[in-house]
Amino acid sequence: MNYWLVKSEPDKYGWSHFTAQGRAVWDGVRNYQARNNLVAMQVGDQVLFYHSVTNPGVVGLATVVREAYPDPTAPDDPRWRVVELEPVMPLTRPVSLAQIKAEPMLGNIALIKQSRLSVMPIRPDEFELIVKLGMSV
DNA sequence: GCCAACGTTGGC
DNA sequence: GCCAACGTTGGC
């Protein structure tokens, strides 16, 4: 199983939209590196759901329920792909970007290294730590 | 709202 | 293929 982090601006598509909807087509990705990461996702992979811009931080856990297929929002451009995600559970306490930056163990996380990438792989130990921080009282 | 980082576009 | 201009992302 692999681990990932996806970003979304809560004002555009936040965790609450996601859970209300119950399933999301992760469309609109227009960056090759992010697209490559989408394509590498497999059903059952675990995904950190990250709010960017407004109160940046990881707010919930999701899972991949459908693997990559052509992005219906780019019908004339075969380059782009989507996956489908479902919410698993919210973090009891969101893990802020500041917290992530403050963790020595997370010093190499792609979130910090490549701040503009919107879909990125997460190492198992990084995933575990973020979940632990997010599920603590 | 500002600005740095950085990806993309297009002229040459 | 290079590089300047431009647009977007995202932190603060």
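Here the structure is a predicted model, which is why all the values come from computation and not from measurement. Letters go in sequence order (proteins before strands), and every chain restarts at 1.
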Figure out the [atom1]/[atom2] separation between [X] and [N], and round it to whole Å.
X        : N      : atom1 : atom2 : value
A:Arg30  : B:dC6  : CZ    : C1'   : 19 Å
A:Leu117 : C:dT8  : CG    : C1'   : 14 Å
A:Asn55  : C:dG10 : CG    : P     : 15 Å
A:Lys7   : B:dG7  : NZ    : P     : 12 Å
A:Asn31  : C:dG10 : CG    : C1'   : 14 Å
A:Met120 : B:dC6  : CE    : P     : 13 Å
A:Ile100 : C:dG11 : CD1   : C1'   : 13 Å
A:Trp80  : B:dG7  : CH2   : P     : 12 Å

Task: Most 5' of A:Tyr32 and A:Ser115 on DNA chain B, judged by nearest nucleotide - done: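 First, find each residue's nearest nucleotide; the 5'-ward one identifies A:Ser115.
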
TODO: Identify, between A:Val53 and A:Gln33, the residue whose nearest nucleotide on DNA chain B lies closer to the 5' end.
DONE: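 Looking at the nearest nucleotide for each, A:Val53 comes out on the 5' side.
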
Task: A:Pro87 to A:Arg23 - nearest heavy-atom pair and separation - done: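 In this case the closest contact between A:Pro87 and A:Arg23 is CD-N, 4.4 Å.
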
Open item on the list: Just to be sure I understand the rule, does A:Lys101 reach a base, reach only the sugar-phosphate, or reach nothing, if contact means heavy atoms closer than 4.0 Å?
Closed with: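 It contacts sugar-phosphate atoms only.
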
Open item on the list: Before we go on, tell me: are the rings of A:Trp4 and A:Phe49 under 6.0 Å apart, centre to centre?
Closed with: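 Not close enough - the centres of the two rings lie 6.0 Å or further apart.
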
TODO: Would you indicate which nucleotide in C:dG10, C:dC12, B:dC6 comes nearest to any side-chain atom of A:Arg116?
DONE: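 Within the option list, the nearest is B:dC6.
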
Open item on the list: Under 4.0 Å between a side-chain nitrogen and a carboxylate oxygen: does that hold for A:Arg30 and A:Asp71?
Closed with: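 Result for this pair is yes, salt bridge flagged.
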
TODO: Output yes when a side-chain donor or acceptor of A:Ser8 lies under 3.5 Å from a complementary backbone atom of A:His51, and no otherwise.
DONE: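 Absent.
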
Open item on the list: Quick check on C:dG11: is either OP1 or OP2 less than 4.0 Å from any side-chain nitrogen or oxygen of A:Tyr50?
Closed with: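 Yes, such a contact exists.
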
